[in-house]
Amino acid sequence: MRSTSSRFLSSMLAAPAASVAGLIVLLLALAAFAAPPFLADPFNPMNASLLDAFTPPAFLPNGLPAFPLGTDDQGRDMLVAMAFGLRTSILIGVSSVAIGLLVGVSLGLLAGFAGGKIDALIMRIADVQLAYPALLLAMIIDGSVRSAFGALIDVRVSVAIVIVSIGFAFWVQYARTIRSSVLVERGQDYVAAARVTGRSGLAIALLHILPNVMAPVLVIATINLGIAIITEATLSFLGIGLPLTHASLGTLIRNGNNFLQSGEWWISVWPCALLVIFVVAVNVLGDHLRDVFNPKLRRRR
Amino acid sequence: MFRYASARIAQTVVVLLAIAFIGFLLVSNLGDPLASLLPPDATPQDRAALIATLHLDQPVAMRFLTFLKGLLVGDFGISYRSHEPVAALIWERLPATVELAFASLAITLLVGVPLGVYCGIRPRSALAKAVMFVSIAGVTLPTFVVGILLIAVFSVKLGLLPSFGRGQTVDLGFWKTGLLTASGWRALVLPAITLSLFQVTFVIRMIRTQLMEVGHSEFIRFARARGVEARRIWFVHALKNTLLPVITVLALQFGNIIAFSVVTENVFAWPGLGSLFLQSIQTADMPVISVYLIIIGAIFMMLNLLVELSYPLIDQRVLRERA
């Protein structure tokens, strides 16, 4: 483990773009998770200060130094709102990637290990799912689950629906990668040795094969984190993700979009910029991880 | 060829049936057609009549067959939201989306292909480097962010172009077009650019990579050695070998265009299929959602099939590998 991390660190120093990206991700994530506990939640109506509403950024006429990036329609400091929003976006992105990993890795292991009809069934489902792009799938799953719940949806359910929809939209890539590695590993001597010692199939799959096939999947997961964050933002922007009362980068942009026509551009443009900067930094980092750990894997879009 | 084609067609039919079945499961399990379609003061007779028209009293297998038959003859059911036939709703929204998609395809080809060719032939020039740098934005910017930024600059700040709707449309009887009025064209500009940005950058990068690879291949080096003029080498020999994969990949981008068009139509309040799909999700209008999915899946699978069937015509080796 130590050699891997030191190899990673030395490779980072050799690639300035990746170092800058890593620094940006680190600082933004730090701000998103460290700042909110010390600040009053701007999305709690008790903390609204409508008198400050629509204050432009400090560098514009009528701007106030107290609000460097201006305020929104409810008088929330954009800087504070964005820290809360980024925190939600990161949490949802990471959780949905985790769900996708869990589903994809389990099904991939199952398909590769069981073979036969189970394998064929799982891979055909994967083929059908590949006919739809992930964003569309996330919209579909989200919409179907929402209509199944009907009027019972509160904020927590909404968050869960978004996480699950994005997670299930991305499992195929993991499952296919794991399956093909399992097919290779299954014939290796160490698996045969484990069989001879009397280990059960499940134990062999989880304890012996899984650790050997996870690396490429984790690299894909890093690259997918950026896409997951964008997907959440898109769903929330379209009004089928989080409700406006719960800040994510997507809901902030959706809210700001209402005031774009009347000239209050900062309410939507700042969160857009933050989203793009964060996702680009995550992607650069992901590409770099891929090059270091798995040069054979090329990014496909 | 015949065996290859029939195997591919059979596979496509199976997948299409699977997609139709999933669509059927969505309609039959989610939402309550009786509560959605019956007026509050409906009599038990109305109720029984509706159950009979929707075939709700029949076994699931029969209902799936009826559903399939309906799909084939264009009877897509009734919308829970507007109580209109789904086919009519889709037909009404189709022109807006088709015109938007074709406008963005035109931009993709007119901008993407020349820039891609230039960047492939002169990869070291300053313009090519600038294009490649800007194209990073096209790949990474989310569609709705592109739309918002375009609106902020061109509608709000400069006041040049409209930011929502289709402008004035002309009803041709079967097709409502925005292409016959000046305001229709003006309204099309920003949405079409938004939708095309990803594809444009995609095409540029792809043609560039292909041309750079082809440039190093044997037959191009041989043509050079024979003294064929540089212009002729690039535009006749190299480009010909590049465009086929580009067209293939563009056809396979259809799914992305549909997904991005949902977002684009939302940003620009464009009254097309994407907006219809979104409204249907927000109101749990399952019949519309399922038909939309089936139609998109069907078009996508057909494009896939066409592309795969054209491979052997382009490259006979595919057949030998399969045989």
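The chains referred to below are lettered A, B, ... by the order of the sequence lines, with proteins before strands, and numbering in each begins at 1.
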For chain B, which candidate among [options] shows the most heavy-atom pairs at distances under 4.5 Å?
| options | result |
| --- | --- |
| A:Val279, A:Ile253, A:Leu238, A:Ile140 | A:Leu238 |
| A:Leu260, A:Val269, A:Leu135 | A:Leu260 |
| A:Ala273, A:Ala233, A:Pro271, A:Ser268 | A:Ala233 |

Please report the closest heavy-atom contact between A:Leu275 and B:Phe144, naming both atoms and the distance. CD2-CZ, 3.9 Å
Distance-minimising heavy-atom pair for A:Leu86 and A:Leu274: CB-CD2, 4.2 Å
Taking atom [atom1] of [X] as the centre, does the number of heavy atoms from other residues, nucleotides or ligands within less than 6.0 Å exceed 12?
| X | atom1 | result |
| --- | --- | --- |
| B:Phe133 | CZ | no |
| B:Phe154 | CZ | no |
| B:Phe164 | CZ | no |
| A:Phe168 | CZ | no |

Mind ranking [options] by heavy-atom pairs under 4.5 Å with chain A and telling me who comes out on top?
| options | result |
| --- | --- |
| B:Ile148, B:Ile258, B:Leu149, B:Val145 | B:Ile148 |
| B:Val267, B:Leu293, B:Thr283 | B:Leu293 |
| B:Ile289, B:Thr143, B:Asn266 | B:Asn266 |
| B:Val262, B:Val14, B:Ile22 | B:Val262 |

Is it the backbone or the side chain of B:Val263 that comes under 4.5 Å from a heavy atom of chain A, or both, or neither? both
Of the backbone (N, CA, C, O) and the side chain (C-beta and beyond), which part of B:Leu26 lies under 4.5 Å from a heavy atom of chain A, both, or neither? side chain
Under the rule for salt bridge (charged side-chain N to carboxylate O under 4.0 Å, His left out), what residues qualify as partners of B:Asp285, not counting sequence neighbours? none
Side chain B:Ser104, main chain B:Ala101, donor-acceptor under 3.5 Å: yes
Less than 4.5 Å to any heavy atom of chain B: does that hold for the side chain of A:Val280, its backbone, both, or neither? side chain
On the 0 to 90° scale, with breaks at 30° and 60°, tag the B:Phe260-B:Phe198 ring pair as parallel, tilted or perpendicular. perpendicular
Please output the residues of residues 268-277 of chain B in contact with chain A, using a heavy-atom cutoff of under 4.5 Å, in numerical order. B:Phe277
Verdict with supporting geometry, A:Arg254 and A:Ser236, side chain to side chain donor-acceptor pair (under 3.5 Å): CA-CA 7 Å; A:Arg254 173 180 169 80; A:Ser236 296; over 6 Å; no
Looking at A:Ile141, A:Asp142, A:Thr231, A:Thr234, which one forms a side chain to side chain contact (heavy atoms under 4.5 Å, CB included) with A:Ile166? A:Thr231
